[in-house]
Amino acid sequence: MMLAFFPKPYPDEDFRSIIHRYHIRSGHLSFEETNKELFNVRSKRNIYFHHNIGELISLFQYTEYSIEYFLSNHTIFPLINPFLSQKRKQDFQQSFHIKDSIKNKKLFQDYIAKKIKYCPQCLEEDYEKYGEVYSHRFHQIYFSNYCEQHLIELIAECPKCGVPLSTTDGKMLLRRPYCENGHYLNTSASNLKDCPILIKRVLQDAYFIVSNSGKINRNLIVDQFYSAYGKYGYGEIYSEYLQIRRLKNDFSKFVPAYVQLLGVELNAVVNSRFHTLLSKINNNAPNILAYLLLIQFISNSAEEFFTSNDGYSIDIPFKNKPQPCLNKVCEYYYRLIIETYSKKYYPIYVQGTFTCPNCGYTYGRKWIWNKDKKSGEEKKPFLISWGELWEREVLSLYYQGLSLRNIAKKVGLGGYTDSIARFLKEKIGEGYTERYNPKNNYSLFNINSRLEQISSNNVEAINEIKVAMGEVAATNSHQQLLLMRRHNIMNIVNENPDLTRKAIEKLARSDYRWLKKNDLDWFNEFLPKPLTWKNGVNNTINS
């Protein structure tokens with residue numbers, strides 16, 4: 001079966017208007033008959049763009065009309081198309097070639113106003129030119145209350161009597177520029193507002209996108225957004241993303257003036273799905289208004305936005321250059337030996353982690369971004385791990401009998417012993433505590449563990465200490481402290497038999513003076529004899 005006739009579509013005529021004109025000319029009493037004839041469905045509504053449009057195309061004798069023709073010329077698809085992901089676009093277009101397909105049936109639902117709107121000046125011009133009026137496709141966008149051509153306010157009711165000009169189901173549309181009460185819908189009678197400059201810019205951007213719909217795609221749009229927003233300080237050169245949270249916050253402060261004039265809710269533009277706007281793989285129905293306002297936020301116009309080829313630059317944290325080893329016991333100390341390292345990124349800073357390939361020493365540094373988000377400042381390095389070489393060196397010095405302070409000096413920490421103490425506590429545990437904290441823990445360890453060879457001169461003293469060790473549980477704290485101090489002094493004397501009393505005092509001042517005051521007999525028996533000077537001669541006192 002072929003159609004005997006079909007009305008020729010007018011420029012930018014809304015698809016529902018075309019079907020309505022066919023319904024009037026067909027003589028059908030109900031819209032259900034029209035839908036059955038054109039789309040082979042039982043529906044009483046005049047649908048915005050029928051999912052069974054393939055049925056209509058099959059009724060034409062000639063191929064002057066196609067699904068793509070109606071989509072491109074009589075719907076707002078050219079405005080939506082550039083923002084669709086490739087997958088969503090393919091699914092949408094293919095669904096119209098499948099009979100009774102309901103996939104993507106509601107694509108236009110998010111963008112079309114509930115009431116059908118008209119431009120009074122368009123009504124005048126259309127009636128004069130065609131002898132009848134029709135609804136224009138871009139007047140029906142939910143956020144557009146102004147004609148993109150004449151820049152005057154659109155109407156859905158008669159300005160004089162308030163009667164609706166069309167039904168929401170599309171079954172009754174205007175055929176002449178008069179309301180049902182006979183009021184002429186011209187511009188002078190309507191007393192309409194002129195389009196605000198902010199809305200004018202949005203409409204002009206929408207028109208530019210429609211005019212270039214075939215040249216623009218989602219990948220291009222996202223790339224342009226990244227370039228533009230990166231240039232204005234929202235880019236993160238260290239990742240593939242923009243600083244979405246900060247962008248959303250700033251954008252939320254920008255849009256209220258627009259949404260108030262457009263008569264829409266802020267949530268329609270800035271919501272929980274904001275982060276998906278700049279994703280190339282987002283398969284959701286695109287938020288056209290949000291995109292148009294994002295362009296306004298960053299650029300003077302859509303034309304400028306899409307034709308700009310300017311890139312942007314930003315400081316690279318740590319410059320991607322080799323970094324030095326900071327381990328003073330490493331043979332590569334302060335040489336640029338670290339060529340590869342990791343970075344971790346946070347909203348206000350970047351943390352680099354650097355490990356020497358020779359000694360394993362690992363440190364971190366923070367790069368704090370400046371307010372412009374294009375430059376930053378490196379902070380002082382902080383330790384993450386000492387590495388195996390440093391640990392071996394500290395343990396070796398410990399087992400040689402060096403004090404915490406001397407170990408710290410040997411490994412380049414000056415007089416700072418906290419790091420040495422923490423490390424030894426972790427590695428040695430109780431053994432460390434017994435050696436370095438005699439006042440807090442008086443349990444003794446076998447003196448032979450530190451004396452490779454015992455001098456015969458000290459056998460008596462050492463045996464005495466060993467005997468006392470067996471009785472330590474029965475002694476009081478004063479006696480325990482006395483034994484420990486004797487042990488410390490004997491340790492020094494055995495390792496350095498030629499030391500004078502003055503030299504011993506320098507090495508163990510606290511123990512030396514305590515024993516001299518509280519244990520004088522033992523002190524004089526086992527320490528070297530004191531020296532006196534007479535007539536310039538050094539004489540040892542025999543006592």
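Using modelled atom types, one finds a donor on one side chain and an acceptor on the other under 3.5 Å when comparing Tyr10 with Glu132. Side chain to side chain, Tyr22 and Glu37 meet the donor-acceptor criterion of an N or O pair below 3.5 Å. Looking at Thr355 and Thr362, their side chains do bring a donor and an acceptor atom within 3.5 Å of each other. In the model, Glu125 has a side-chain atom that pairs as donor or acceptor with a side-chain atom of His150 under 3.5 Å. Residues Gln296 and Arg201 have side chains that bring a donor and an acceptor to within less than 3.5 angstrom of each other.
Open room surrounds NZ on Lys44; 12 or fewer heavy atoms of other groups in view lie less than 6.0 Å from it. Environment of CZ in Arg175: sparse, with no more than 12 heavy atoms of neighbouring residues, nucleotides or ligands closer than 6.0 Å. Few gaps surround CZ on Arg25; more than 12 heavy atoms of other groups in view lie less than 6.0 Å from it. Surrounding OH of Tyr334 are at most 12 heavy atoms belonging to other residues, nucleotides or ligands under 6.0 Å away. For Lys248, the NZ atom is densely surrounded, since the number of other residues' heavy atoms within 6.0 Å is greater than 12. A 6.0 Å sphere centred on CD of Gln260 holds no more than 12 heavy atoms belonging to other residues, nucleotides or ligands. Under a cut-off of 6.0 angstrom, the local environment of CD in Glu388 is sparse, with at most 12 non-hydrogen atoms contributed by other residues, nucleotides or ligands. Counting non-hydrogen atoms of other residues, nucleotides and ligands closer than 6.0 Å to OH of Tyr207 gives a total of 12 or fewer.
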Test side chain to side chain contact (heavy atoms under 4.5 Å, CB included) applied to Asp194 and Leu151, step by step: CA-CA 6 Å; Asp194 290 332; Leu151 299 177; over 6 Å; no
Stepwise side chain to side chain contact (heavy atoms under 4.5 Å, CB included) check, Tyr65 with Leu56: CA-CA 10 Å; Tyr65 299 128; Leu56 173 63; over 6 Å; no
Verdict with reasoning, Phe225 to Phe305, per ring pair (Phe, Tyr, Trp, His ring centres under 6.0 Å): CA-CA 8 Å; Phe225 272 126; Phe305 174 77; 4.8 Å; yes
Ring pair (Phe, Tyr, Trp, His ring centres under 6.0 Å) assessment of Phe31 paired with His23: CA-CA 7 Å; Phe31 230 95; His23 171 72; 4.4 Å; yes
Side chain to side chain contact (heavy atoms under 4.5 Å, CB included) between Leu185 and Lys160, worked out: CA-CA 9 Å; Leu185 305 172; Lys160 289 188 175 180; over 6 Å; no
CA sep, side-chain torsions, deciding dist, call: Leu292, Ile209, side chain to side chain contact (heavy atoms under 4.5 Å, CB included): CA-CA 10 Å; Leu292 291 173; Ile209 291 171; 3.8 Å; yes
Verdict with supporting geometry, Phe92 and Phe108, ring pair (Phe, Tyr, Trp, His ring centres under 6.0 Å): CA-CA 11 Å; Phe92 176 71; Phe108 296 110; 5.7 Å; yes
Full working for ring pair (Phe, Tyr, Trp, His ring centres under 6.0 Å) between His74 and Phe15: CA-CA 5 Å; His74 300 288; Phe15 184 76; 7.9 Å; no
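Exactly one residue among Asn81, Val210, Ile221 makes a side chain to side chain contact (heavy atoms under 4.5 Å, CB included) with Ile216. That residue is Ile221.
The aromatic rings of Phe354 and Tyr341 sit tilted, their planes meeting at an angle between 30° and 60°. Using bins of under 30°, 30° to 60° and over 60° for the plane-to-plane angle, the ring pair Phe306/Phe208 lands in the parallel bin. By the 30° and 60° cut-offs, the orientation of the rings of His136 relative to Tyr134 is parallel. Relative orientation of the Tyr291 and Phe83 rings is parallel, given thresholds of 30° and 60° on the angle between their planes. Under the 30°/60° scheme for interplanar angles, the aromatic rings of Tyr361 and Tyr363 are found to be tilted.
Between Phe70 and Phe49, the distance separating the two ring centers is not shorter than 6.0 angstrom.
The OG1 atom of Thr34 lies 9.5 Å from the CZ atom of Phe39; values are rounded to the nearest 0.5 Å. In this structure, SG on Cys356 lies 15.0 Å from CH2 on Trp390, to the nearest 0.5 angstrom. Here Leu154 contributes atom CG and His139 contributes atom NE2; the two are 5.5 Å apart, rounded to the nearest 0.5 Å. Rounding to the nearest 0.5 Å places CD of Glu304 at 10.5 Å from CD1 of Ile298.
Put simply, the side chain of Leu203 reaches to within 4.5 Å of the side chain of Ser144, judged on heavy atoms. Under the 4.5 Å side-chain criterion, counting only non-hydrogen atoms from C-beta, Asp250 is in contact with Phe297. Taking 4.5 Å as the limit, some side-chain heavy atom of Arg16 sits within range of a side-chain heavy atom of Tyr48. Side-chain contact check for Phe77 versus Ser213: every heavy-atom pair is 4.5 Å or farther apart. At least one side-chain heavy atom of Ile152 sits less than 4.5 Å from a side-chain heavy atom of Cys119.
Judged by distance alone, the side chain of Asn52 and the main-chain N or O of Glu55 form no donor-acceptor pair under 3.5 Å. No side-chain donor-acceptor contact under 3.5 Å links Ser227 to the backbone of Gln224. Proximity of a side-chain donor or acceptor of Arg21 to a complementary backbone N or O of Lys8 within less than 3.5 Å is detected. Ser299 places no side-chain N or O within donor-acceptor distance of the main-chain N or O of Ile295, the cut-off being under 3.5 Å. Between the side chain of Asn212 and the backbone N or O of Lys215 there is no donor-acceptor pair closer than 3.5 Å. Listed for the Asn46 side chain is no donor-acceptor partner under 3.5 Å among the backbone atoms of Ile19. Using a distance-only test at 3.5 Å, with no hydrogens or angles considered, no donor-acceptor pair links the side chain of Asn186 to the main chain of Gln121. The backbone N or O of Arg45 lies less than 3.5 Å from a partner atom in the side chain of Asn35, making a donor-acceptor pair. Here the side chain of Arg365 pairs a donor or acceptor atom with the backbone of Lys379 at under 3.5 angstrom. A donor-acceptor pair is defined here as one N or O able to donate and one able to accept, closer than 3.5 Å; such a pair exists between the side chain of Ser72 and the backbone of Glu68.
The cationic atom of Lys366 (NZ for Lys, CZ for Arg) lies less than 6.0 Å from the six-membered ring centre of Tyr349 and within 45° of the ring axis.
The pair Arg137-Asp14 does not count as a salt bridge, with every side-chain nitrogen at least 4.0 angstrom from each carboxylate oxygen. In summary, Lys87 and Asp91 engage in a salt bridge, as defined by a charged side-chain N under 4.0 Å from a carboxylate O. Remark: Glu157 engages Lys115 in a salt bridge, criterion side-chain N to carboxylate O under 4.0 Å. Looking at Arg422 and Glu391, no side-chain N of the basic residue comes within less than 4.0 Å of a carboxylate O on the acidic one, giving no salt bridge.
The nearest pair of heavy atoms linking Tyr229 to Leu247 is CE2-CD1, 3.3 Å.
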